[in-house]
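Each remark here refers to the structure printed beneath this line.
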Amino acid sequence: MAGETMKDALQTILRQAIDCVAEEFYQKIPQDIGIPLSVPPSDDLGDYSSNVAMLLAKLFRTSPMRLAEAIIRNVKGEAGPIAWLEVKPPGFINIFLSSNWWRQRIIDVLSMGGDYGIAQTREPQKVQIEFVSANPVGPLNVVSARAAALGDSLANLLSAVGHEVQREYLINDAGNQVTLFGESVLSRYFALIGHDYPFPENGYLGDYITDVAEWVFNEHGAEFEAIEDEGVRRRFVDISLGRMIENQRQTLLDYGVVFDVWFSERALRAKGGPDDVKAILKERGSLFREDGALWFEATKFGDKRDRVLVKRDGEATYLLGDLAYHRDKYQRGFDLIIDILGPDHQGQVAGILGGIEALGLERRKTRVMISGHVRLLRDGKTLAMSKRAGDFISMNDLLQDVGKDAARFFFLLRTASAHLDFDLDLAKKQTPENPVYYVQYAHARVRSIFRKAAELGMDPGDLIEADLSLLSDDEAHIAKRLCRFPEMIERAASKHEPHLVCYYLMELAGDFHRYYNKTKVLTNDPEVTSARLALSEAVRRVIEAGLKIIGVSAPDAM
RNA sequence: GCGCCUGUAGCUCAGUUUGGAUAGAGCAACGGACUUCUAAUCCGUAGGUCGUGCGUUCGAGUCGCACCAGGCGCGCCA
């Protein structure tokens, strides 16, 4: 069923039935009606359920119950997976799939290998996701860690449903903060080579500045002594900056995140990006001068106030650079541009989107997501952090402390925009309170069963050949969950909500843990054992696939 | 003041996009299960004015309006 989920199939079947009923009632139904399908609250209400009769009753001038009855009379599903249908007041159509059909789906999982849940969408899009994009003047912090988990998982999800995804990191390598960073490092560096150099006002105080200075000194010695020379100074700053960027890249790599493009803002400026934006906006009549500054008439494009693009001193503002950047993205031909911004950037969203529109670009191609605040808790208390003073928990510290798997999983446990309390003690605990281990343990348990089987000299044979009809209804219930994996992936991808993956995995792991405690997989009956091993292996593969999407490892043993 | 986010069990949160059936999970509490493929697990008990009010609807945690509470953002900073 590559590319088509169970839901799609059922919708088609219902649609056909409704068309038949429409003829019966001499009614035309609009083409664009959707057929809502949901999973009912309990198993005795069916495997899927639709309220479509309640929605169409008025149109058909009949009661929801009568319409629902008429629809199920017209369902032709003899050969299909539908076992029977029921109508329940006030007009639900409940669909029961045959238990045997569910069991057979285990084969799908096993035969599709790592591709289970990976479907081709109807319209593959070229998508760009830009995230993290932290200033290269310091180590990444925990907010970046959250954005990284979010962006990378979302990218994985969108790829999984067939989009072509590019991960991009914008390097803010132009501007004041870079100068300030350079001066800060320079001061430490000069101390190392035995000279005085004033530490800049509002300079960066963190230890990492000294680390960078030491690194430069170790690599290049006193080579930058002649700092008065503009060329020497520029090289010093570039080298220091490069070191910092490399540091960030390494941290992200440790986190399992690899960017396809590292986009330099400086290069964009050199290409004249900001000038082009000014020219276009001027031509379109969206600029004006006031108080010696150049303004963009953002209020005409949905912003609540106008925005400065070029300051009185001739310097470009952040917004101008960002508009140039977005224009560049549009020129690169993406169908969808996703920006994941930190919570402190929410104030500029209206300006960016307004500017995009003012440039004559399709505003709706850009989707801005705000990744929420992160508050770290230790011993039940909030950790205060100050970046300028260099007193904060970096992303590196976090990875050292709780590890990549716990960090990524915890960040995805909340919806993207909500504030998040990250309990460092909990994330470290190797106890059932910690959901990461719960899921990983289920995976390791399956591996363990197979190890045991081998130890006992059992030959499970080719699992695809297993006689799945030997499985019980309890086991079919797990197969149902497996079938919903592709639906969940599609939903998570289209809604841009990677956290759904975590919740699905916790439920599937729960199913398996319960099963494991209740049922022995390895038995004296080779046929039953094979069938149970097939189910277990299918569970393992789905857990592995789900964990892969959120960038968490699937251990063989714990 | 304006904008964004949040308010669901003692705690941390799903569920709100597209209204639907007895509102879910984990933790904490209490009581149980290890001669067993890993007890990092499982079984059971208990726990709720879905912030408040009004409205729309056959039906509202979900939609609309108003209000209350908390967080954040509102620069010719990035």
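Qualifying side chain to side chain contact (heavy atoms under 4.5 Å, CB included) partners for A:A554, counting only residues two or more places apart in sequence or in other chains: A:H443, A:E544, A:L547. In this view, A:A453 and A:M458, A:L522 satisfy the side chain to side chain contact (heavy atoms under 4.5 Å, CB included) rule, not counting sequence neighbours. Among residues two or more places apart in sequence or in another chain, the ring-ring contact (aromatic ring centres under 6.0 Å, His included) test is passed with A:H345 by none. In this structure, A:K520 has no salt bridge (Lys or Arg N to Asp or Glu O under 4.0 Å) partners at least two apart in sequence or on a different chain. With sequence neighbours excluded, the residues that form a salt bridge (Lys or Arg N to Asp or Glu O under 4.0 Å) with A:R363 are A:E357. When the salt bridge (Lys or Arg N to Asp or Glu O under 4.0 Å) test is applied to A:K311, no partner is found at least two apart in sequence or on another chain.
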**Fill in**
Pairing string of RNA chain B (Watson-Crick or G-U wobble, both atom distances under 3.5 Å; | = paired to other strand) is (((((((..((((......[...)))).(((((.......))))).....(((((..]....))))))))))))....
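Ring-base stacking between A:Y438 and B:G26 is not satisfied when judged by a centre separation under 5.5 Å and a plane angle under 30°.
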Could you write out each protein N or O paired with an N or O of nucleotides 76-78 of chain B at a distance under 3.5 Å?
from  : atom 1 : to     : atom 2 : distance (Å)
B:C76 : OP2    : A:R305 : NH2    : 3.3
B:C76 : O2     : A:R312 : N      : 2.7
B:C76 : N4     : A:D291 : O      : 3.0
B:C77 : OP2    : A:K311 : NZ     : 2.5
B:A78 : OP2    : A:Y318 : N      : 3.1
B:A78 : O2'    : A:N135 : OD1    : 3.3
B:A78 : O2'    : A:N135 : ND2    : 3.0
B:A78 : N6     : A:Q348 : OE1    : 3.3

With a 3.5 Å cut-off and sequence neighbours excluded, list the donor-acceptor pairs that the side chains of residues 500-510 of chain A form with protein atoms.
from   : atom 1 : to     : atom 2 : distance (Å)
A:Y503 : OH     : A:L413 : O      : 2.9
A:Y504 : OH     : A:R481 : O      : 2.6
A:E507 : OE1    : A:R481 : NH1    : 2.9

Please report, to 0.1 Å, the donor-acceptor pairs under 3.5 Å made by any side chain of residues 368-377 of chain A, with sequence neighbours excluded.
from   : atom 1 : to     : atom 2 : distance (Å)
A:R375 : NE     : A:D421 : OD1    : 2.8
A:R375 : NH2    : A:D421 : OD1    : 3.1
A:R375 : NH2    : A:D421 : OD2    : 3.0

**Fill in**
For nucleotides 3-12 of chain B, 5' to 3', base contacts (B), sugar-phosphate-only contacts (S) and non-contacts (-) with protein non-hydrogen atoms under 4.0 Å give BBSS-----S
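Sorted by first and then second residue, the salt bridge (charged side-chain N to carboxylate O under 4.0 Å, His left out) pairs with a member in residues 175-184 of chain A read A:E183-A:R233; sequence neighbours excluded.
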